[in-house]
Protein chains: 2
Amino acid sequence: MDARRTSLSANETRTRILDVAQALFAAHGFDATSMRMITGDAGVNLAAVNYHFGSKDALVQEVLKRHLRPLNGSRIQALDAAEAAAGGAPVKPSVIVESFFSSPLELAAGSDAGREFMRLLGRTFTEPSPMIRDFLVTEYEEVIGRYREAFCRALPAVPVEEILWRLHFMLGAMSHAVAGVDSLQVLTGVKVDEPDAMQRMAPRLMSFLLGGLRAPLPGPDGRIE
Amino acid sequence: MDARRTSLSANETRTRILDVAQALFAAHGFDATSMRMITGDAGVNLAAVNYHFGSKDALVQEVLKRHLRPLNGSRIQALDAAEAAAGGAPVKPSVIVESFFSSPLELAAGSDAGREFMRLLGRTFTEPSPMIRDFLVTEYEEVIGRYREAFCRALPAVPVEEILWRLHFMLGAMSHAVAGVDSLQVLTGVKVDEPDAMQRMAPRLMSFLLGGLRAPLPGPDGRIE
DNA sequence: TTAGAATTCAAACGTTTGTTTGAATTGATG
DNA sequence: CATCAATTCAAACAAACGTTTGAATTCTAA
C-alpha cells in the first residue's frame with residue numbers, strides 16, 4: 001500500500017530474521033526462543049524461516065556461522081601474520097594468546113551486535129545439543145589445530161596435554177567473561193552490559209590469561225610449588 | 001505383585017526423581033528434558049513430579065539445591081577455618097582461592113554423581129532463564145560476599161573492581177573446565193569424561209587460577225607491562 | 001504486457017509440552 | 001479390622017511447538 005515500498009526484498013527478510021534471531025537466542029536461549037517470537041519480532045510471516053533457511057536448526061547454524069566464520073578467519077590470519085613476523089622461529093606464547101583472543105574481544109567491543117553475538121557464542125559452548133556440538137567441532141577444527149601446533153612449537157618443553165589444559169582454561173575464562181553470565185555478573189557486581197564494558201575488560205582478561213598460561217606447572221604429586 | 005516390595009517408599013520416589021533429573025538435565029539441558037523422560041527413566045508415574053515438587057521449575061531448583069547448598073556451606077566453612085588460622089591477619093590470596101575452589105573440585109572428583117552435578121552446575125551459569133538466574137543469585141549471595149570481603153582484605157592495594165574482574169575470570173575458567181564443555185573437549189582433545197579426569201585437572205586448574213590472579217594489572221592505557 | 005519464478009501469506013497439520021483430575025491403591029494409626 | 005491420609009495411577013487437558021500446504025502476491029525477464 002505504501003508508495004515507496006510495500007514489502008521487503010528477499011535478502012532483507014533473511015537478514016532481519018538473522019538479526020532478530022541472534023538477539024532472541026542471546027536473550028532467551030535456543031530452545032526458549034520460538035519461531036513465532038522470531039518471525040513476530042522481525043515482522044515477517046511465520047513460514048519465512050522455513051522457506052529461507054529450511055528449519056529452526058538450520059537457522060541456528062546460520063546465525064552462528066555468520067559471525068563465527070569471519071572471526072575464526074581473522075584468528076588464522078593473525079596467526080599467519082605472527083608466524084611470518086617471527087620468520088621461522090616459534091611465535092612467543094604471549095603473541096599467540098594475543099592473536100587468538102584479540103579478535104573476539106574486538107568483535108565484542110566493536111558494536112552492540114558484536115557484543116550480543118559473543119555473548120551468544122559463549123553460551124553456545126555449553127549447549128548439550130548434538131547438533132550444536134557437531135557444528136562447533138566442525139567450525140573450530142582448523143583454528144584450534146593451528147593454534148595447538150603454534151603453542152607446541154613455542155613451548156617444546158611443556159607436554160602437549162598441559163598445553164591443551166591451559167588452552168581449555170583460557171577458552172573457558174574468556175567464554176564466560178564475554179558471555180556476561182548474568183548471574184555472576186549480579187553476584188560480583190561486574191557490569192558486562194554497559195557498552196564500554198568490553199573495552200575495559202579486554203586488557204584485564206588478557207593479563208589474566210597470560211598470567212595463567214605462565215603459571216608454574218604442578219608437580220607429579222599435585223603440589224603447585 | 002512382587003512378594004518383597006510392590007511399590008516405592010515416598011522418599012525413594014523423591015530421590016529417584018532427583019537422581020534421574022540431574023542426569024538428564026546434565027545430558028540434555030533443562031528445556032530439552034521433558035517430564036516424561038524423567039518419570040519414564042525413574043520408573044514413576046508422570047504426575048509424581050508435580051505431586052512431590054509442584055512443578056518442573058521447582059524440580060530444577062531442588063536438583064540444584066541438593067548439592068549446591070552443602071557445596072557453598074563447605075566453602076564458607078573453609079573460609080572460616082582459614083580466617084581463624086590467620087588469627088586476625090588477612091588470609092593469603094592463594095589460600096582464599098584454594099578454599100573457594102577445592103570444594104567443587106573435590107565434589108567433582110569424588111563420585112560420578114558429583115562430576116555430573118558439577119557439569120550441570122557449570123552449564124547452569126549460562127542459562128538465561130530468569131527463574132534460574134534469580135535462583136543462583138540467591139544461592140550465591142552469601143558466599144560471594146564473604147569471599148569478596150576476604151579478597152579485599154588480602155589485597156588492600158588492589159581496587160575492588162579489579163578483584164571482582166579476576167574473581168569473575170576465575171569462576172568462568174573453573175565453571176567451563178568442570179562443565180566439560182564437550183565441544184571444546186573434542187577440539188582440544190582433553191577428555192573430561194574419564195573418571196579420574198577431575199583428579200588430574202584440579203591441580204592444573206588451581207595453578208592456572210593462581211597464575212591469573214597474580215598476573216600484573218594492566219596499566220591505564222591497557223598495556224600489560 | 002505477459003509468462004513464470006520467487007516470495008509471502010493465512011490456516012491448518014500432527015506432536016509434544018507441563019499440568020490437572022478423580023479414582024484406585026497403599027501405608028500408617030486407632 | 002477399620003479409618004483416614006498419603007501416594008500412585010491412567011487419562012485427559014489446553015497450550016505451544018516446528019513444520020507444511022496451497023493459494024495469493026510480488027518480482028523478474030522476455
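Naming: A, B, ... by sequence-line order, numbering from 1 per chain. On a predicted model such as this, the values are computed, not experimentally measured, just so you know.
Using modelled atom types, one finds no donor on one side chain facing an acceptor on the other under 3.5 Å when comparing A:N11 with A:R14. Checked by atom type, the side-chain pair A:Y51/A:T13 shows no donor-acceptor distance below 3.5 Å.
Distance CZ (A:R36) to C1' (C:dA11): 11 Å, rounded to an integer number of Å. In this structure, the CZ atom of A:F53 is 14 Å from the C1' atom of C:dT7, given to the nearest Å. When rounded to the nearest whole Å, the span between CG of B:N50 and C1' of D:dA11 equals 15 Å. With rounding to whole Å, A:N11 atom CG is found 15 Å from D:dT28 atom C1'. Look at CG on B:D31: it is 13 Å from C1' on D:dA16, rounded to the nearest Å. Between A:I17 atom CD1 and C:dT8 atom C1' the separation is 11 Å, expressed in whole Å. Rounded to whole angstrom, the span from the CE atom of B:M35 across to the P atom of D:dA15 amounts to 18 Å.
Nearest nucleotide to the A:L46 side chain, out of C:dA11, D:dT8, D:dA12: C:dA11. Comparing D:dT7, D:dG18, C:dG18 against the side chain of B:S34 picks out C:dG18 as the nearest. Of the candidate nucleotides C:dG18, C:dA6, D:dT7, C:dA6 has the atom lying nearest to any side-chain atom of A:Y51. Here C:dA10 is the nucleotide among C:dA10, D:dT7, C:dT19 with the atom lying nearest to any side-chain atom of A:N45.
Using a cut-off of 4.0 Å between Lys/Arg side-chain N and Asp/Glu carboxylate O, B:D19 and B:R16 are scored as not salt-bridged.
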- Step by step, work out the side-chain contact (heavy atoms from CB on, under 4.5 Å) result for A:L136 and A:F125. CA-CA 8 Å; A:L136 287 178; A:F125 280 122; 3.8 Å; yes
For residues 20-31 of chain B, dump all side-chain donor-acceptor pairs below 3.5 Å to protein atoms at least two apart in sequence or in another chain.
from  : atom 1 : to     : atom 2 : distance (Å)
B:Q22 : OE1    : B:H67  : ND1    : 3.4
B:Q22 : NE2    : B:A113 : O      : 3.1
B:Q22 : NE2    : B:E116 : OE1    : 3.0

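Between B:Y147 and B:F100, the ring planes lie perpendicular to each other; the angle is over 60°, past the 30° to 60° tilted range.
Residue contacts for A:A47: at a heavy-atom cut-off of 4.0 Å it reaches a base atom on one of the strands shown. Residue A:T39 is out of contact with every strand shown, counting any heavy-atom pair closer than 4.0 Å.
Neither OP1 nor OP2 of D:dT7 sits under 4.0 Å from any side-chain N or O of B:T13. Close to D:dT8, at under 4.0 Å from its OP1 or OP2, lies a side-chain N or O of B:H52.
Remark: A:S55, A:K56 in residues 55-66 of chain A come within less than 4.0 Å of DNA chain D through at least one heavy atom.
Listed by chain and number, the residues in a ring-ring contact (aromatic ring centres under 6.0 Å, His included) with B:F53 amount to none (sequence neighbours excluded).
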